[in-house]
Amino acid sequence: TGTAPTITSNGTQLDISATNRNDTTIMASRGATFGGNVGIGTTSPSYRLSVDDNSVTNIPKTLLQFDASSIADNGGYNVDFRTSSNDLANRYVARIRGIRESTGALSQLSFWTESGSALEQRMKIRASGNVGIGTVSPDEKLHVGGSFKVGGYMKMVSSSAYMGMIGFNRNVSNGDI
């Protein structure tokens, strides 16, 4: 239990406080907006949205969570990065998407970037642990759709024994392999 939240303002800053801070809710309605930087867990936010927790911990903890009581098959959430430019206002730059895969508790995470005309999926991590780069349906632990470059050695190993190594030597003078 605690007291009702109090709201104070000095003309440039709005402070909302309560003795039971876990149950304090801020709601903006009827077109209300927040200007400047907004801080959660900080009185001096450095960014448009700063979520801070300065406590020291030796276990991972959640600082930001998007939650819904129910997500349909193939539904989920996006974290979108948007900007305005000289040629197009309010355009997408990138996206991170977390979705529910099919039925059950399976999920996937995908990363998208702007191609100049649309957001396109560039990488996906499936519930199986398969990672796809340049493919939307990775069927192996690493599935690359297209060419890729290795700047060193590629090692092939199994859980029980060393399998071998593939190495490519490059001619330093002209770059040929």
Out of curiosity, does [Y] fall in the hydrophobic cluster containing [X] (side-chain heavy atoms, cut-off under 4.5 Å, transitive links)?
| X | Y | result |
| --- | --- | --- |
| Phe148 | Phe111 | yes |
| Tyr47 | Ile40 | no |
| Ile99 | Tyr77 | no |
| Leu109 | Met123 | yes |
| Ile96 | Ile133 | yes |

Task: Ser46 side, atom OG; Asp52 side, atom CG - distance, nearest 0.5 Å - done: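 Separation between the atoms: 7.5 Å.
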- [ ] Could you note down all residue pairs passing salt bridge (Lys or Arg N to Asp or Glu O under 4.0 Å) where residues 115-137 supplies at least one of them, sequence neighbours left out?
- [x]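 Salt bridge (Lys or Arg N to Asp or Glu O under 4.0 Å) check on residues 115-137 returns Glu101-Arg126, Glu120-Arg122.
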Open item on the list: Strictly distance-based, threshold 3.5 Å: is any side-chain N or O of Glu140 a donor or acceptor partner for the main-chain N or O of Leu142?
Closed with: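 Pair absent, no side-chain N/O of Glu140 close to backbone of Leu142.
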Task: Residues in side chain to side chain donor-acceptor pair (under 3.5 Å) contact with Ser50, at least two apart in sequence or another chain - done: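 None.
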TODO: Could you tell me which non-hydrogen atom of Gln121 sits nearest to which non-hydrogen atom of Thr135, and how far apart they are?
DONE: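 Smallest interatomic distance, heavy atoms only, reads NE2-O, 4.1 Å.
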- [ ] Kindly give the heavy-atom pair with the smallest separation between Arg97 and Trp112, and that separation in Å.
- [x]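 Taking every non-hydrogen atom into account, NH1-CZ2, 3.3 Å.
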